[in-house]
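Once you've had a glance at the structure underneath, I'll fire off some questions.
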Amino acid sequence: MEDICISNLSKSFGHKKVLQHLNLTINSGEISCIMAPSGAGKTTLLRIIMGLEKMDSGCITGQKGKRFSAVFQEERLCEHMTAIENIRLVTPCLTAETVRQEMEKLGLRDCVKQPVSELSGGMRRRVSILRALLAEYDILCLDEPFQGLDDICKEQILAYVKQKTIGKTVLFVTHDEKEAVQLKAKVICL
């Protein structure tokens, strides 16, 4: 798969310039961690790469025709459905038993049949992460995916993500340098 090359990308919201003449390359098959202060355009950059937001000017190559999977800052789960049903929305070819086994690896054994609306924030976060990881994708985008997880849970999830994404292209946004180090990510500062 080819690298994602960003050339002279700019994006403003009204009079606020978020990204200005950005140039960078995201290497295929690697985890790249995008770091910058709040409001510097990290989420906007991910959304532009995924095609969810339009840039004002510039050029991006290497992402067209690619399948994306994502964990957004806000959870995008169907409240009335169970965790397994939410995951199988994007992975219909996986059996419920396979999903159940993966859920157990993330400490979600006890919530298999519960509606997502009844899950704690940390459990919901883990369901979102698992759904993104089990989907078929070429590029995985993670936008502050570990927020709200306690340290022990975060360490377990980071190890799982690292193992599941070997050889995959991952774009990862975080404010926590420790997460980038644990994932052995290439750090890109905006």
Between Ser28 and Asp3, is the side chain to side chain donor-acceptor pair (under 3.5 Å) condition met? List the steps.
CA-CA 5 Å; Ser28 175; Asp3 295 343; 4.8 Å; no
Please check this pair: side chain of Lys42 against backbone of Pro37, looking for a donor-acceptor N/O pair closer than 3.5 Å.
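Looks like yes, one N/O pair under 3.5 Å.
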Distance, nearest 0.5 Å, that separates CD1 of Ile84 from CD of Gln114
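So the CD1 of Ile84 and the CD of Gln114 are separated by 11.5 Å.
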Decide yes or no for Lys162 and Lys184: does some side-chain heavy atom of the first lie under 4.5 Å from some side-chain heavy atom of the second?
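Yes. Closest side-chain heavy atoms under 4.5 Å.
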Nearest-0.5 Å distance, CE of residue Met55 to CG of residue Leu22
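Reported to 0.5 Å precision, the distance equals 11.0 Å.
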Sub-4.5 Å side-chain heavy-atom contact between Ile34 and Leu190
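A side-chain contact exists here, since the closest heavy-atom pair is under 4.5 Å.
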Measuring only between side-chain heavy atoms, which start at C-beta, is Ile49 closer than 4.5 Å to Ile4?
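Heavy-atom side-chain distance check passes, below 4.5 Å.
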May I have the list of side-chain donor-acceptor pairs in residues 10-21 shorter than 3.5 Å, sequence neighbours left out?
residue, atom, partner, partner atom, Å
Ser10, OG, His21, N, 3.0
Lys11, NZ, Lys54, O, 2.9
His21, ND1, Asn8, OD1, 2.9

Could you walk me through whether Asp176 and Phe146 pass side chain to side chain contact (heavy atoms under 4.5 Å, CB included), step by step?
CA-CA 10 Å; Asp176 189 341; Phe146 309 113; over 6 Å; no
Same hydrophobic cluster for Val173 and Ile31, using side-chain heavy-atom links shorter than 4.5 Å among ILVMFWY?
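As far as the 4.5 Å side-chain criterion goes, Ile31 and Val173 are not connected within one cluster.
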Distance-only donor-acceptor hits, side chain of residues 123-135, under 3.5 Å, sequence neighbours excluded:
residue, atom, partner, partner atom, Å
Arg124, NE, Glu75, OE1, 2.8
Arg124, NH1, Glu79, OE1, 3.3
Arg124, NH1, Glu79, OE2, 3.2
Arg124, NH1, Val116, O, 3.0
Arg124, NH2, Glu75, OE1, 3.4
Arg124, NH2, Glu79, OE2, 2.5
Arg125, NE, Pro145, O, 3.0
Arg125, NH1, Phe72, O, 3.3
Arg125, NH1, Gln73, O, 3.4
Arg125, NH2, Phe72, O, 3.0
Arg125, NH2, Glu144, O, 3.1
Arg126, NE, Gly122, O, 3.3
Arg126, NH1, Leu106, O, 2.9
Arg126, NH1, Gly107, O, 3.4
Ser128, OG, Arg124, O, 3.2
Arg131, NH1, Arg76, O, 3.2
Arg131, NH2, Arg76, O, 2.7

So does Ile152 get a backbone contact from the side chain of Glu155, meaning a donor-acceptor N/O pair under 3.5 Å?
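A pair under 3.5 Å: no.
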Verify the cluster assignment for Leu142 and Val90: are they in a single hydrophobic cluster under the rule of side-chain heavy atoms below 4.5 Å apart?
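Unlinked, Leu142 and Val90 end up in two clusters.
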Is the number of heavy atoms from other residues, nucleotides or ligands under 6.0 Å of Glu118 CD greater than 12?
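Enclosed.
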Heavy atoms only: give me the nearest Gly65-Asp138 pair and the separation to one decimal.
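Scanning both residues completely, I find the closest heavy atoms to be O-OD2, 4.5 Å.
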I'd like to know if Glu97 and Arg100 make a salt bridge, using a cut-off of under 4.0 Å between side-chain N and carboxylate O.
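Looking at Arg100 together with Glu97, the answer is yes, because their closest N to O distance falls below 4.0 Å.
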Looking at Cys33 and Thr174, what are the two nearest heavy atoms and their distance?
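The pair with the smallest heavy-atom distance is SG-CG2, 3.4 Å.
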Looking at every non-hydrogen atom in both residues, tell me the closest pair between Ala83 and Met103 and how far apart they are.
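Result for this residue pair: CB-CE, 3.5 Å.
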Hey, does the Lys NZ or Arg CZ of Lys168 hover above the aromatic six-ring of Tyr137, less than 6.0 Å from the centre and inside 45° of the axis?
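Flagged: Lys168 positioned over aromatic ring of Tyr137.
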Donor-acceptor under 3.5 Å (Gln63 side chain, Ile139 main chain):
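It does not hold such a pair.
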If hydrophobic clusters are built by linking Ile, Leu, Val, Met, Phe, Trp and Tyr wherever their side-chain heavy atoms come under 4.5 Å apart, do Leu158 and Leu171 end up in the same one?
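No, separate clusters.
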Under 4.5 Å between any side-chain heavy atoms of Ser32 and Phe172, yes or no?
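In short, these two side chains do not touch, never coming nearer than 4.5 Å.
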For the side chain of Asn27 and the backbone of Glu30, is there at least one donor-acceptor N/O pair under 3.5 Å apart?
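Side chain of Asn27 to backbone of Glu30, a donor-acceptor pair under 3.5 Å: no, none is there.
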Do Lys164 and Glu102 come close enough that some side-chain heavy atom pair is under 4.5 Å?
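Yes, side chains in contact.
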Any side-chain heavy atom of Glu136 within less than 4.5 Å of one from Cys93?
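Yes; the side chains approach each other to less than 4.5 Å.
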Could you tell me if the side chain of Gln156 sits less than 4.5 Å from the side chain of Lys105, heavy atoms only?
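Side chain of Lys105 against side chain of Gln156, heavy atoms only: no contact under 4.5 Å found.
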Show, in sequence, the C-alpha distance, side-chain angles and deciding distance for Lys154 and Gln182, and conclude whether the side chain to side chain contact (heavy atoms under 4.5 Å, CB included) test is met.
CA-CA 11 Å; Lys154 186 189 294 190; Gln182 190 158 348; over 6 Å; no
Drop me the distance from Ser7's OG to Asn23's CG, to the nearest 0.5 angstrom.
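Result: 5.5 Å between the selected atoms.
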List the steps, then state whether side chain to side chain contact (heavy atoms under 4.5 Å, CB included) holds for Ile6 with Ile48.
CA-CA 10 Å; Ile6 299 168; Ile48 290 170; over 6 Å; no
In terms of hydrophobic clustering (I, L, V, M, F, W, Y; side-chain heavy atoms under 4.5 Å; direct or indirect links), are Leu77 and Leu52 co-clustered?
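Hydrophobic grouping puts Leu77 apart from Leu52.
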Please report the interatomic distance CG(Leu183) to NZ(Lys178), rounded to the nearest 0.5 Å.
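That separation rounds to 14.0 Å.
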Is it the case that one hydrophobic cluster holds both Leu89 and Val99, taking links as side-chain heavy atoms less than 4.5 Å apart, direct or via other members?
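No, it is not one cluster - the side chains of Leu89 and Val99 are not joined through contacts under 4.5 Å.
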Euclidean distance, Ile60 CD1 relative to Ile26 CD1, rounded to 0.5 Å:
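Between Ile26 CD1 and Ile60 CD1, I get 8.0 Å after rounding to 0.5 Å.
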Would you say that Ile188 contacts Met35 through its side chain, given a criterion of any heavy-atom pair below 4.5 Å between the two side chains?
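A side-chain contact is absent here, since even the closest heavy-atom pair is not under 4.5 Å.
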Is a side-chain N or O of Thr91 found less than 3.5 angstrom from the main chain of Ile87, in a donor-acceptor match?
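Side chain of Thr91 to backbone of Ile87: a pair is present.
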